[in-house]
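Note that these values count all heavy atoms, side chains included, but never hydrogens, waters or copies made by symmetry. So that the names make sense, note that chain A is the first sequence line, chain B the second, and so on, each numbered from 1.
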2 protein chains.
Amino acid sequence: MGKKTYEMSKIAIDPVIFTIHDAKLKVLLHIREKSPFQGKKELPGGLLLGEERAEQTLKRKLKELVGSDNLFMKQFHTFTHPDRDPRNRIVSIGFVSLINQERVKDIVRWYDYNSLRDLAFDHKIIIEHAFQYLKDNLNSSVVKHFMPKHFPINKLQEVYELIEEKEYDNRNFRKKLINSGIVEETNKLEKGVSHRPAKLFKFK
Amino acid sequence: MGKKTYEMSKIAIDPVIFTIHDAKLKVLLHIREKSPFQGKKELPGGLLLGEERAEQTLKRKLKELVGSDNLFMKQFHTFTHPDRDPRNRIVSIGFVSLINQERVKDIVRWYDYNSLRDLAFDHKIIIEHAFQYLKDNLNSSVVKHFMPKHFPINKLQEVYELIEEKEYDNRNFRKKLINSGIVEETNKLEKGVSHRPAKLFKFK
DNA sequence: GCAAAAGTGTTATTGGTACACCCATGC
DNA sequence: GCATGGGTGTACCAATAACACTTTTGC
């Protein structure tokens with residue numbers, strides 16, 4: 001065996017935090033203040049500190065970003081291309097995280113998934129990868145992280161449709177959902193709408 | 001913000017290479033010659049060289065290990081616990097890889113998934129994680145990597161049953177498989193068996 | 001002719017899809 | 001009273017599950 005160089009690297013996490021607002025899928029991004037990619041948008045990532053595992057780094061960032069470290073979070077891919085950051089080699093572990101819109105304060109920093117542009121580094125690719133992961137792994141215990149405690153069934157259908165990029169028949173959707181036993185009716189009603197108010201449901 | 005230390009780390013890949021031999025799921029492992037964990041079994045991992053992406057490192061290792069870099073390979077998780085290697089911090093990217101038994105020469109280095117013991121580092125956890133990934137993502141385009149070009153349907157059923165840890169009704173299995181159009185009959189027959197020889201099928 | 005695994009059909013049940021109209025509320 | 005979205009049932013089709021016997025080969 002010849003001489004080999006085993007390069008050291010910094011390790012980062014890149015959280016792709018999704019929420020749904022006004023029937024749009026949104027991602028939390030920052031505007032870069034420094035070069036490289038000054039003025040472009042980037043994922044709110046961070047480097048692993050001395051003794052941290054990636055999940056701890058993510059929790060620390062989530063607390064800072066959205067005030068809670070108790071969100072859905074799942075690794076979906078690790079990005080290792082040596083030139084992904086033009087300055088240093090940085091390996092980045094991509095996470096998907098989800099938050100319901102009621103807990104989002106600063107909606108201005110959240111950008112439509114469907115019109116992302118001017119992204120720094122390889123972050124557009126990372127976000128698309130994250131979305132694909134979400135789409136491929138969607139189920140009720142994932143979707144619930146988008147929803148407030150009480151919600152109308154039609155809002156839940158909307159979330160499925162947005163992420164799976166297909167439509168459901170409303171009658172069939174309700175039937176399947178209610179028969180599945182994963183939600184239950186409450187005695188609450190939707191408020192402040194100028195039409196028949198929906199019954200609110202919750203996850204069991 | 002106080003002063004923080006952003007630790008550097010070596011980056012490794014740990015390939016969990018599965019095959020099926022004598023109706024058993026097997027994993028390729030090495031016996032460690034050096035401390036720590038001398039004499040224990042370990043995954044045939046490797047560090048990323050200077051300009052390599054993880055997938056390139058994996059291909060290099062696969063070539064070395066099984067003589068081919070053209071196998072199924074999929075990242076499933078990245079392991080970042082700071083004490084996972086007692087010597088240095090090493091972040092390891094776990095991959096699942098699959099190879100069909102006809103291409104395996106040195107079956108002695110392959111160990112039954114169901115009776116793994118004396119594993120070095122966190123490699124038992126990594127392997128169990130890999131198996132779970134495989135189980136959760138099994139489908140015909142994954143399974144085909146376990147199969148030789150021509151195979152009896154019952155062998156394919158056996159593979160599904162081993163990995164999904166459940167049984168199929170043979171008639172229903174054949175029906176579904178053949179109707180799905182993903183395999184087709186050949187005019188070859190199984191040889192060297194002391195019972196009715198099976199028709200051989202292949203993937204389309 | 002016996003042991004061993006291959007191969008084969010029918011019926012019942014379940015789940016999925018398609019489809020159109022009335023209801024409750026705010027303004 | 002009109003606009004808006006909420007809420008409801010039935011019929012058809014497709015997929016899945018359950019189940020037992022005959023066939024072909026080697027020895």
- Item | DNA chain D contacts among residues 184-195 of chain A, heavy-atom distance under 4.0 Å |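 DNA chain D contact set from residues 184-195 of chain A: A:His195.
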- Message: Under 4.0 Å, heavy atom to any atom of DNA chain D: which of residues 149-156 of chain B qualify?
- Response: none
Which of parallel (below 30°), tilted (30 to 60°) and perpendicular (above 60°) describes [X] and [Y]?
{"X": "B:Phe151", "Y": "B:Phe203", "result": "tilted"}
{"X": "A:Phe131", "Y": "A:Phe18", "result": "perpendicular"}
{"X": "A:His129", "Y": "A:Phe79", "result": "perpendicular"}

- Distance-only, no hydrogens or angles: does the B:His123 side chain make a donor-acceptor pair with backbone N or O of B:Leu43 under 3.5 Å?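 Such a contact is found between B:His123 side chain and B:Leu43 backbone.
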- Item | Charged N-O contact under 4.0 Å between B:Arg87 and B:Asp85 |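 Yes.
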Can you find an N or O donor on one side and an acceptor on the other, under 3.5 Å apart, linking the side chain of [X] with the base of [N]?
{"X": "B:Arg196", "N": "C:dA3", "answer": "no"}
{"X": "B:Arg174", "N": "C:dA6", "answer": "no"}
{"X": "A:Asn172", "N": "C:dA18", "answer": "yes"}

Write down the distance between [atom1] ([X]) and [atom2] ([N]), rounded to a whole number of angstrom.
{"X": "B:Lys176", "N": "D:dA18", "atom1": "NZ", "atom2": "C1'", "value": "16 Å"}
{"X": "B:Leu177", "N": "C:dT8", "atom1": "CG", "atom2": "C1'", "value": "16 Å"}
{"X": "A:Lys175", "N": "C:dC19", "atom1": "NZ", "atom2": "C1'", "value": "10 Å"}
{"X": "B:Gln157", "N": "C:dG7", "atom1": "CD", "atom2": "P", "value": "12 Å"}
{"X": "A:Lys199", "N": "C:dC23", "atom1": "NZ", "atom2": "C1'", "value": "11 Å"}
{"X": "B:Phe173", "N": "D:dA15", "atom1": "CZ", "atom2": "P", "value": "17 Å"}
{"X": "B:Asp169", "N": "C:dT10", "atom1": "CG", "atom2": "P", "value": "16 Å"}
{"X": "A:Asn170", "N": "D:dG9", "atom1": "CG", "atom2": "P", "value": "13 Å"}

- Query: Is there a side-chain contact between A:Pro82 and B:Glu52, using heavy atoms and a 4.5 Å cut-off?
  - Reply: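 SC-SC contact between A:Pro82 and B:Glu52 ruled out.
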- Message: One pair to check against side chain to side chain contact (heavy atoms under 4.5 Å, CB included): B:Asn137 and B:Val142. What are the steps and the verdict?
- Response: CA-CA 8 Å; B:Asn137 293 280; B:Val142 172; 5.5 Å; no
- Query: Got a second to check how far A:Glu184's CD is from A:Ile182's CD1, nearest 0.5 Å?
  - Reply: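 Going from the CD atom of A:Glu184 to the CD1 atom of A:Ile182 covers 11.5 Å.
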- Item | The single option from A:Arg103, A:Lys59, A:Lys63 passing side-chain hydrogen bond (donor to acceptor under 3.5 Å, both in side chains) against A:Ser68 |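 The side-chain hydrogen bond (donor to acceptor under 3.5 Å, both in side chains) with A:Ser68 is passed solely by A:Arg103 among A:Arg103, A:Lys59, A:Lys63.
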